[in-house]
Amino acid sequence: MIAEIDISLIDWSRAQFALTAFYHWLFVPLTLGLGIVQAVMETLYYKTGDEFWKKTAKFWMKLFGINFAIGVATGLILEFEFGTNWSNYSWFVGDIFGAPLAIEGVVAFFMEATFIAVMFFGWNKVSKGFHLASTWLTIAGATISAFWILVANGWMQYPAGMNFNPDVVRNEMKDFWEVAFSPVALNKFFHTVLSGWIIGAMFVAGISSWYLLRKREIKFALASIKVAVVFGLIACFLSVWTGDGSAAQVAEKQPMKLAAMEGLYEGGNGVNLVGIGILNPSKEEYNDDKDPFLFKIDVPIPKFLSYLSFGKFNAYVPGIKNILDGGYQLPNGDVALSAQEKIERGKIAVSALSNYHLAKADSALYANNADSIKNVLAAEIVINSEELTSENGDVYQAPTVDELYAAKKAEIQSKIADARKQIFANINYFGYGYIKEPKDLIPPVGLTFYAFRVMIILGGFLLLLFALSTYLSFKNKFETKRWLQWTCLISIFLAIFAGQAGWVVAEVGRQPWAIQDILPTSAAISQLTASSVKLTFFIFLALFTVLLIAELKILISAIKKGPQINEQ
Amino acid sequence: MDATYTFLQHYWWLLVSLLGALLVFLLFVQGGQSLLFTIGKNQKQQKMLLNSTGRKWEFTFTTLVTFGGAFFASFPLFYSTSFGGAYWVWILILLCFVLQAVSYEYQAKHGNLLGKKTYQIFLLINGILGPVLLGAAVGTFFNGANFVVEKQNLTNIANPVISSWTSAWGGLEAAFVIWNVLLGLAVFFLSRVLALLYFVNNINDDEIQKKSRKQLIIETVLFLVFFLTFFVHLLVQQGYAVNPETKIVSLEPYKYLHNFLQMPVVLVVLLLGVVGVLFGIGKTILSATWKKGIWFAGTGTVLTVLALLLCAGWNNTAYYPSLTNIQSSLTIGNSCSSLFTLKTMAYVSILIPLVLAYIVYAWRALDIHKITSKEMEEENEHTY
């Protein structure tokens, strides 16, 4: 048996999950975005009866199909990894977390699986209308599945709608709607799906641009670009809006993540938003008073971070040091506790839970063995009463066995009640009980800070690119702008990179929590050996990488072959 | 409240069992993969076989995912204990399904890096390992596994792990129990039987028809040998009974036989299932033109597996016995979700008939057109 959880086990378990999620998110956004583009094209075919749109839709579906399977495969692994690598997590919150996963399977995956077969193989077998419906239902299934898994992820960032049950040592759902429609979940869903739409749109615009650069498939390419850039532009605008909402939620629910995103150690009122910057690598402690930046340029709107976070230019935004030291006023008016205080309260909750179970065990012992316990008590009474009478001659009324038994039982009951009270008085800090020292609550600042900048800057760039491309393609000038075609082609990778960076912000920024404030990753894992997880990490790495290379080669080969639509 | 809770525990065990039963039926896709080179003697035949089961692979895969999700939502302690403990078994299952997910599509495409044959071998690996491992894993429902569950461990800050595995083999030790292996092999040969019946139904090609019907006899004999040995042993073996009052788990001789006798409805389901499977196979072997075997044997498979899984979890039985500490054994009562969650999910389950209905509708719409060599030769159409 392992006596203590190995740190490297936690790290390898995290690495394995991150690896799977990283690969998963290479493929899924393309499914989400490309799915809509091809459905729009098939709808144009349905409306106009023009074979050109059918062939166009079919070509993008071919690329969709190549990409689809590996997203499914990595998704399967992600789902099961909650059990294999995060076994404690699965029990501790499975009562809440399992539900969206099951719903995802029942309502989304079957829809996707059923209609994708019709979409691919049904062209000559079912009616035009049924086929079109199948194409839309395939992407609807994919999108609904994204909704439920993001509900699950949103709940980890902002746990709501549950109660702790000390008897079975887990959190239990008490309000389904609070879980399913938590503002964080909704925002996460829209922001994430929109990022998928952007990637899908960029993919279509980029690949089509490649045809223009090669002077092939001109009609197909220009038509595809028109659909894609409009779609991409809409997605970009909506994404800015949901991103803004997301930042405000992070400010409220996960202030540490926001502080890391901004490299903000000392907060205050009216804080500026960092535009670009380089963090100071020699800053080693959160309270060493070294400047966190070697260089930075703020966004020219003053106090913008305060405004984005709380809607007021003078609002207080805590930095990392403030959050750990506590003492400032929270948006709800309370005074923030220091990290040390939270850790102590967490430890009280954890040890009260232990006492609760010890007392419960005693209680069960008393209930199940009443007779033998009473015999022991009777013997004690005899000894006590002998001593009492022999010393001063007075005869005391010794308590009866039943009285003594009842008193002992009452004592145990009051221990249970006390422990319960202490658990619930400190339950909001339960997870802090597993944190060793305050600085363990700081996520990796560098990774979070830079990833956030990458996401924002690339997102802004893509918005401008889509706006310009939309303008030029509707002015029929896209075909001649080779530099723009090159930019679109290269931007496929930038869009994917931006999406990955977004996930890094969301997931690295919330460390050390598996579930915010409730369970840190160190208490969420399975009891495995670090070497087992290390081995599976490298197996997955090798497998996914080979499959990724294979996918890219197949995609490139299919793109080179092209849709082969006769030029008119 | 207690009666509702108990009812919902049974209801969810029924649903999880039904998903498991559907999964075993859908393993005909894997069975087909394992027969790719046995039935398909040339590239054209192999292409027809691949397109026959290949257009259904997502159903098997989705059922596996949903089976996992439903188990997670309804019996999370199983999810955490078995997946985190029998680590290597589940990882192997996952790996071989990952191979499957990409292989149908990739093997048919140009520039696929590893070559057509490699992906077809991946399908073969999934076709063999998938059913064998899943079958053996289900075997542990009857024969037990090596774990302990101690919920108070969460208060041990240095090592707060609730479920721990007590074998260093991470679940692979189940392969040393002959009865698990027998069930794994039975599921494997059943998947091949079902695949042959599906080929007979789905592919309009004389040679494949003839070969499938011939191969069916061999596969059926092997299936029956392994399954009957497992099943007879099941009826005479000890089982893990839970006292409904004290919740104490103890060994009971002939427990599973008792379960069937004490739950006559489950026994009837089992018998109907067995008759369905045997009828579907038998008539296909006897008649050279009858093609509906898959529907009888498929329905029979669902009913049989359903009855077996109900026997594992209902009637005060521990469905995941612990060999290390019998009191750690999982029952539908001690491993389930809260009343609230089971109830909420029960509302969601109302959607299941709708889902089944559109699956049947879409499946029929496609399968009404059989696989032909002509379709395989068409250019510009999506084929595997």
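Note that the coordinates shown come from a computational prediction; the quantities given were computed from them, not determined experimentally. Note on naming: letters A, B, ... go to the chains in the order of the sequence lines (proteins, then strands), and numbering restarts at 1 for each one.
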- Contact winner vs chain B - A:Lys58, A:Arg170, A:Glu81, heavy-atom pairs under 4.5 Å: A:Arg170
- Quick one: of A:Ala550, A:Ser532, A:Ala102, A:Gly83, who has the most non-hydrogen atom pairs under 4.5 Å with chain B? A:Gly83
- Judged by atom type as modelled, is there a donor-acceptor pair below 3.5 Å linking the side chain of B:Thr66 to the main-chain atoms of B:Thr62? yes
- May I ask you to list the residues in residues 341-348 of chain B that approach chain A closer than 4.5 angstrom, counting heavy atoms only, ordered by number? B:Thr341, B:Thr344, B:Met345, B:Val348
[X] and [Y]: side-chain donor and acceptor closer than 3.5 Å?
X        : Y        : value
B:Ser335 : B:Tyr79  : no
A:Ser526 : B:Trp165 : no
A:Asp95  : B:Ser337 : yes
B:Thr81  : B:Ser163 : yes
B:Asn126 : B:Gln30  : yes
B:Tyr104 : B:Asn51  : no

Against chain A, label [X] side chain, backbone, both or neither, depending on which of its atoms sit under 4.5 Å from a heavy atom there.
X        : result
B:Leu114 : side chain
B:Trp363 : neither
B:Tyr361 : side chain
B:Ile162 : both
B:Thr383 : backbone
B:Ser349 : neither
B:Leu99  : side chain
B:Glu378 : side chain

- Item | Proximity of B:Phe83 and B:Phe71 rings by center, below 6.0 Å | no
- Message: Can you confirm whether or not the ring centre of B:Phe147 sits under 6.0 Å from the ring centre of B:Tyr320?
- Response: yes
What residue, out of [options], has the most heavy-atom pairs lying under 4.5 Å from chain A?
options                               : answer
B:Leu64, B:Ile352, B:Leu351           : B:Leu64
B:Asn334, B:Leu95, B:Leu19            : B:Leu95
B:Phe75, B:Trp57, B:Phe72, B:Phe67    : B:Phe72
B:Ser74, B:Ala362, B:Ser80, B:Ala73   : B:Ser80
B:Val98, B:Leu154, B:Asn153           : B:Leu154
B:Glu375, B:His369, B:Glu58, B:Lys109 : B:His369

- Could you give all pairs that pass the side-chain hydrogen bond (donor to acceptor under 3.5 Å, both in side chains) test and reach residues 551-560 of chain A, with sequence neighbours left out? none
- Message: Looking at A:Trp123, I'd like to know if its CH2 atom is crowded, meaning that more than 12 non-hydrogen atoms belonging to other residues, nucleotides or ligands lie closer than 6.0 Å.
- Response: yes
- Message: One thing to verify: whether B:Asp367 and B:Arg55 come together as a salt bridge, which I'm taking to mean a side-chain N less than 4.0 angstrom from a carboxylate O.
- Response: no
- Salt bridge check: are A:Glu51 and A:Lys55 linked by an N-O gap of less than 4.0 Å? no
